[in-house]
Each structure stands twice: as C-alpha cells, then as structure tokens.
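Presented below is the structure to which this report refers.
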Amino acid sequence: MQGAQKIEMASGTETFVGKDSPLYQDYDHLYQKIFQTQSIVVMVEGNEVKNAELMKAVDRLDHQLQSTEGVIETTSPASLIKTVNYQMTGRYVIPETDEEIESIIDQNPDVFSQIIPDDTHMLISVVMAGSASDTAQEDILHATEDAVSFAEFPPSYNIIVTGDPAFMVNMNTEMNSSMGLLLGLSGIFMVIVLFFVFRHVRWGLLPLPVVLLGIVYTFGAMGYIGIPLSMVSMAAFPVLIGVGIDYAIQFHNRLEEELHKNEDKGRAVVETIKNTGPAVLIALGMTGLGFVSLFTSSVPMIRDFGKLLLIGIVMCYLSSIFVGVVTVSLFDKYSEKNPLRKVAQRIKPAGIGKKEKPEKKRAGNSKEILLQKTTDLTIRYDIIVLGIAGLLCIGGLYADQSVAIQTDVETFVPQDMPALVDLQHMGDVMGGTEELNLIIKVEDTANPDVLKWMDQFSEHEVAGRDHIHSASSIVSLVKERNGGTIPDTSQEIEDIYAEIPEAQKERYMYGKNMLLLNFNIGNAVADIKITGIQELTNIVKQDMQWMPAPPGTTVTVTGNNVVFTEVITALTSGRVAMTFLGLALVLVGLYVIYRDWLKAIVPIIPMFIVIGWSGGVMYYLNIEYTPMTATLGALILGVGSEYAILMMERYFEEKDAGASPMEAIHMTSSKIGTAIIASGATTVFGFLALVASPFPMISNFGKVTVIDVLLALLATFVVFPPLIVLLDTWRDRRKGAATVEKETKKQIQGAEI
C-alpha cells in the first residue's frame, strides 16, 4: 500500500517514443518545447456576435484568464478590436456602439476571419504551452470554465468550452470513472461464476481475494520500481486478475483433492506443493516468456505494460502458493474444531448430514463425465478434429491481414460524449485544424533566400497537394508589412522583425537559427486515415528533394500527426512479430526445461491454432485493432499456454504413475479440467463486464479478450487431448519398435557368437 502511493501517471511524448530516438528529439525538444502551443477554445454562438455588450463580456473573460498560471496568452475578438481601435483613435478600449464594432470587424477581414467565422459564432483561444502536463491542462480548463461563469455573458448566447485539451481531459476523466465501475462489475461477475462453477470445493470464493492481494503486491512493486501508469498499462490489471486467478484456483483445487485422499493434513499440503507448485511455476515461466515479446516494441508504454505483466504474474503466484494454500489448510483445520459443527452433527438424525457430500460428488462427477466424453469424441475423430482446427487457423491468419487498424482517437470514445460533440461542433464551424509542422534549421533567420524558398515551397504544396489547405509561417508576417513581397536584404528583414510583436514572432521563429512552417491538413486523421498521413508526409519529403532548401538549411517534418502515426504503426503493425517471437521464446523455454521435443511442442500447437482462430474471428466480427487490442497476441500466449502446460503436466504425472495414454488423458480432463473451466469461466465473466463499457476501445478489448479465452478453452479440451495422445502414442510405438529392434540385434549377435 505504501509503494502504491509512489505510482505516477504518464501520458507525455516519452510514453509513446523512446527519449533517445530521433523522432522524440525532433518532436519534443525542437517542436513541442519551442513552438507548439495548445488552446482551450471558448466558442460563443448566438443570433449576432458583433455587438458591444458581448465584446465587453469577452474582455472581462480575457482579464481573468490572463492572470491564470500556465496561460501564455488569450486571443479573442475583444483584444483585437481594442488593438485596432487604439491604432485608429489612440484609445485601447472596446467601442460603445454596435455599429463601431461591426465596422472594425468588417474592415479587417484578415484579422477577424479566423475567430469570427460568421455572424453567429465567435472563438476565444486560451493558449498554453504544448508541453503543459495533464494536471496543468486540467487546472487551466477548470479556470476557464470558472472565468466564463464570472464574465457574465448575455443570457441569449450559448457558451461552449472545448478544444483538444478539453477533450483529452474529459476523455481521461470519463474513462477512469467508467473503468472503476466496470472493474467493480467484473468482480461481481467473478463472484457469481465462482459460486456456481467452483462449488465442488469448499470456500470456492477464496481465489478472488487471493488474486486481489497479488494485485495489491503488484501496485506496490510498481511504485518502488518506478513503472508509470499509462493508458495501456491500465489494461494490465484485468489481465492479471484473469491470469492470476488461475494460479489460486489450481492450488485450491489440488489441495482439496489431496485433503480428501490423505488423513494427514500436512502431507496433503506437501503433495499439493510438490505436484502443483512446479507445474504452475512452469506455466508462469512460459506465460512470462510470452510477455517478454512485448519488450521488442519501440513504444515505451508497451514495454512498461510487459514489465507490469511479468511482475504481476509473479506476485499472483506468490500470493497463491503462500497465502492461498495456507488459508485453505487453516480453514480446514479450524472447520474440524468448530464447536457449532460438532453440536449440529449430534443434533441431526443419522444420515442427514451425509447427503451433502454425495450430492457435491455427483455434481462434480457430471462435469467430469462430460469432459471425459468430450475427450473420447475428439480422440476418436482425431485426424478430422486436428485437420479442421488447422484449416481454420490458416484461414484466420490470412484473414487477419485484412483486419482494419483504427487510429482516430475520437472513435475510441462514446459518440454521444458531450466533450466529443462540442469538439466536432467546433470543427464544423472552424473547419479542420490538424497540421504538418516543418522545423527549419538555418544559419540566419533573416536570410532572404530562406524566406523566399519557404514562400515558394508553401505555394507549391498548397496548390499541388489536395490535403494541404494552407500554410503559415513568419513569411506571411514579413510580406504583410512589406507590401506583399519579401525584402532582398537581411537588414530589411531584421527591421521588419523588430516591428512584429514578440508573441506573434515566437510562434514561428526561435532565436537566430530556427523557423517553423505549418501546413494545415484539415481533418486528415478522419479523412485519409493513417496511411494517407504517412503518404502525405512522404510526398512533402520528396517535394523537398527536387525543390531543395538553400545551402546550410535542414528541414525536419514533425508534429502531432507524424508522431501519432509512427506510434500507432508501431503499436499495431508490430503485433505479428511480437506474437511469433513470443511463440518462439515459449518453445525454446519449454525445451530447455523438459529436454523433450514432445513436451516442448505440444503446448505450442494449440496456442498457434488459437492465434489463427482469433484473427479470423476479428475479421468475421469486423473488430478493428486499437492500441489495446494490438497486444492480444501476447495475452493469448499468456492465458492459453498456461492451460495447455497444466494439462500436459497432469497427463504425464498420471502416465508416470502407470496409466495408459487414454487413462492418463481421462484423469487429466476430469481432475484438472474442472479447475481450468472454473478459471476460464471466471476470466471470461470478469472481462465480460468490459464489453458493457460505453468506450468502444475498452468494449472491443473486453469482447476480443472474452473470445480469445473461450478459444483457448476450446483448444485445451478439443485440440490438446487428441494431439497429445496421438503424438505420445506414436512416440511410444517408435520407442517400442526401437527396443524390439535392439533386442533382436543382441539375440542375433549372441547366436553368431
């Protein structure tokens, strides 16, 4: 609990790209910290916005916000009207009449067109640094909302506080609040399913608090080690509950089995730890190897996700083997000493108290019989079952290549969320505001050749590229003050720079060696998607090759869209490599542990089949890949390999005790199968709560996870039994044949002698 208090939230650029990567250096150091600004937009709409009473309210809003910590400046019609009025009359005030205000606005369309797009809408921009933290953005948003209420706008006008920072703050708030409710609902579902599915043991709800204790340990480790909590790492906790509860259930189930077989309670605990401890530990190790593949991602928050999963499964294992086993043994010990139980047994007529156990036994037997019949059926038609599973896997892997990748953040949230509705409404009024940003490093910012190249290149891109709508840079400000042309000497340009207000100049120029050129690309994320933005970025780079900048000048294309495109590509396109690397690591790990190719390959084949099935199901159900669902390949390995390894361990345990392959698989399916079903059902119902999320990204994550766990269970009970019996029987026959051949050779050699 103390360590959990040290956890920090992380959502900056460093969670998406490594600090040592050129992409991070260009975006964070050159663009975000020097040029980028973010704006909370106050949109005013009504019948007529060009009136004095409204402008005075806007002026009051300006005064309140300018003193707010973190606000760089405010840009509003009121401040611009005061500036123009000062130039005309020498008075820096809002004119008293509507006619004067309307005249100023109509006579200066270049100044007011962006913030008064029509007669019924007006925009006030509250500008903050691009590198402002999430906390700072939230504080400025609340300060803006308070300032709006104190500014006393006329009642006939509708005031909307929106913009990208407002949208992100509200999205995070809504997601966190809904996540808490969903996890609570998930816990209720788990309690219900444990009560019904795990009722063949005593204290069947105990695995849930045991795994929750492991989650608390994980939170503490996060704080002490310094793993930040990000958008993706938040998804680790429902995953850990689903994986970790299986450890608790396996120990609990085996201990109950041993307690019924052994009169010696201590011996029952020893047998449980001796047989189940190594099997679960091997499953944990292979699960961990599956998660190690996440470390190959170029996205830091995915690597943190992998670290968190590795730590979490270890903590859940420790909680299960120590707290879970000890608690069950203590409960068993004290239940026998319970005086109320002894009194009840004396009061009850003979035979009444004995009916309960046979009923439970029959309930358990019904599940065991069903699993045995399923096993018999799959083994009887082994070639058909394995053939169909393999064909569906191949088809799924092929279909997975056509599964769409969703990159638009606005589609991740409920479409009726007020913050999204407001942002889209502002976009309808203003048009798209997304940009490509070009950082231009020069020897002298007043070099006329550089400014002329920027002017020519901008005109060419705006005229020749459909999705580049306009360009803005220091060039526009220079031409505006020089009759529409660029001066021919550096001194003339320096003189013009001296006339430009610092606030305007700082947006496009940094010191003597850096300039910024912005290309407005409208609603590119929604219109041309991720591939379109990548293609547009590459086209701009190609255009710069045949229209090169002057000598001594370097140009870097960066900005939100470039970084976001690279991040989403890394999150989604790398999923296949991560998944197959995980499979390879698990295969090698199993061979190192067992030194037996059969034991190494048998758990891998069902998981490979499930990965193929999963891709086919996603394609068939039209579910898109998102930053959350892109990691599911590693999660399938984590959950599915555990089921297969536990089944395989029990199979060879029974076989080593003298059972034939058919007898061993029967015992395995009936004894450990019920525990695996309980674990899988608990995981399924836990994640089923996420499907009810109003956020499509979380809902799809829950939906796909539920499907994948069900597929892993299906593979465990349908694909695994015929596969292991077929391969193990084939190997036994080869060993037998080899032994007979060896004995025959010995006999022949003896006869010859």
Side-chain angles (χ1 to χ4, degrees), residues 26 30-31 34-37 108-115 117 430-497 499-501 504-510 513-525 527-528 532-562:
D26 293 338
L30 296 182
Y31 175 64
I34 295 176
F35 292 113
Q36 188 194 29
T37 58
N108 297 274
D110 294 340
V111 176
F112 292 97
S113 60
Q114 292 295 318
I115 57 176
M430 292 183 62
T433 58
E434 295 165 8
E435 292 180 336
L436 285 182
N437 309 107
L438 278 63
I439 302 291
I440 305 170
K441 296 179 184 178
V442 296
E443 296 175 353
D444 180 12
T445 54
N447 184 341
D449 293 336
V450 171
L451 297 192
K452 288 177 180 178
W453 173 82
M454 290 173 62
D455 190 33
Q456 293 171 0
F457 187 69
S458 299
E459 289 179 355
H460 176 270
E461 297 302 288
V462 172
R465 305 301 170 201
D466 292 339
H467 295 287
I468 297 180
H469 307 300
S470 63
S472 60
S473 67
I474 195 71
V475 172
S476 304
L477 302 177
V478 170
K479 290 171 68 176
E480 183 182 320
R481 287 166 173 77
N482 195 55
T485 62
I486 297 172
D488 293 324
T489 66
S490 297
Q491 186 57 50
E492 291 177 285
I493 294 174
E494 290 284 6
D495 293 339
I496 293 174
Y497 283 167
E499 299 174 5
I500 300 173
Q504 287 183 308
K505 193 160 53 179
E506 287 174 357
R507 291 193 176 185
Y508 301 114
M509 187 167 66
Y510 181 73
N513 305 106
M514 202 175 297
L515 295 168
L516 177 67
L517 171 60
N518 297 325
F519 287 142
N520 183 294
I521 56 175
N523 293 313
V525 172
D527 294 340
I528 59 177
I533 293 176
Q534 287 176 319
E535 289 173 5
L536 184 61
T537 303
N538 291 332
I539 288 171
V540 171
K541 291 178 180 178
Q542 290 171 6
D543 289 346
M544 283 189 291
Q545 291 178 353
W546 69 266
M547 189 183 287
T553 304
T554 59
V555 183
T556 302
V557 182
T558 185
N560 291 335
N561 286 294
V562 174

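The shown structure was predicted, so the numbers you read here are calculated from the model rather than taken from an experiment.
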Sub-4.5 Å side-chain heavy-atom contact between K452 and D488: yes
Check: T537/Q534 side-chain N/O donor and acceptor closer than 3.5 Å: no
Close side-chain approach of I468 to V540, heavy-atom, < 4.5 Å: yes
Residue pair N437, V557: steps toward the side chain to side chain contact (heavy atoms under 4.5 Å, CB included) verdict: CA-CA 6 Å; N437 309 107; V557 182; over 6 Å; no
Side-chain ion pair, R481 and D495, N-O less than 4.0 Å: no
Flag, side chain of T445 to backbone of V442, donor-acceptor distance under 3.5 Å: no
Closest heavy-atom pair and its distance - V478, Y497: CG2-CE2, 3.7 Å
Ring center gap for W453 and H460 short of 6.0 angstrom: no
Any L515 side-chain heavy atom under 4.5 Å of K441 side chain: no
Student check: side-chain heavy atoms of I439 and L516 closer than 4.5 Å: yes
Close side-chain approach of I496 to P487, heavy-atom, < 4.5 Å: yes
Validation row: K505, L477 side chains within 4.5 angstrom (heavy atoms): no
Between CD1 on residue I486 and CD on residue E492, distance to nearest 0.5 Å: 12.0 Å
Exercise: identify the closest heavy-atom pair between D444 and S490: OD2-OG, 4.0 Å
Residues L436, N520; criterion side chain to side chain contact (heavy atoms under 4.5 Å, CB included); working and verdict: CA-CA 7 Å; L436 285 182; N520 183 294; over 6 Å; no
N482 (side chain) donor-acceptor with G484 (main chain) under 3.5 angstrom: no
Interatomic distance, N513 atom CG to E443 atom CD [nearest 0.5 angstrom]: 8.5 Å
Nearest heavy atoms of V555 and A549, plus distance in Å: CG2-CB, 4.3 Å
Side chain proximity check, M454 to I440, heavy atoms < 4.5 angstrom: yes
Parallel, tilted or perpendicular: ring planes of F519 versus F457, cut at 30 and 60 degrees: tilted
Whether S476 side chain and S472 backbone form a donor-acceptor pair below 3.5 Å: no
From T553 atom OG1 to M544 atom CE, the distance as rounded to the nearest 0.5 Å: 12.0 Å
Intermediate values then yes/no, side-chain hydrogen bond (donor to acceptor under 3.5 Å, both in side chains), S458 and D455: CA-CA 5 Å; S458 299; D455 190 33; 5.8 Å; no
Separation between CE of M547 and CD of Q542, rounded to the nearest 0.5 Å: 13.5 Å
Any S473 side-chain heavy atom under 4.5 Å of N518 side chain: no
Separation between CG of N538 and CD1 of I533, rounded to the nearest 0.5 Å: 12.0 Å
Atom pair CD (E461) and CG (L438), whose distance is rounded to the nearest 0.5 Å: 8.5 Å
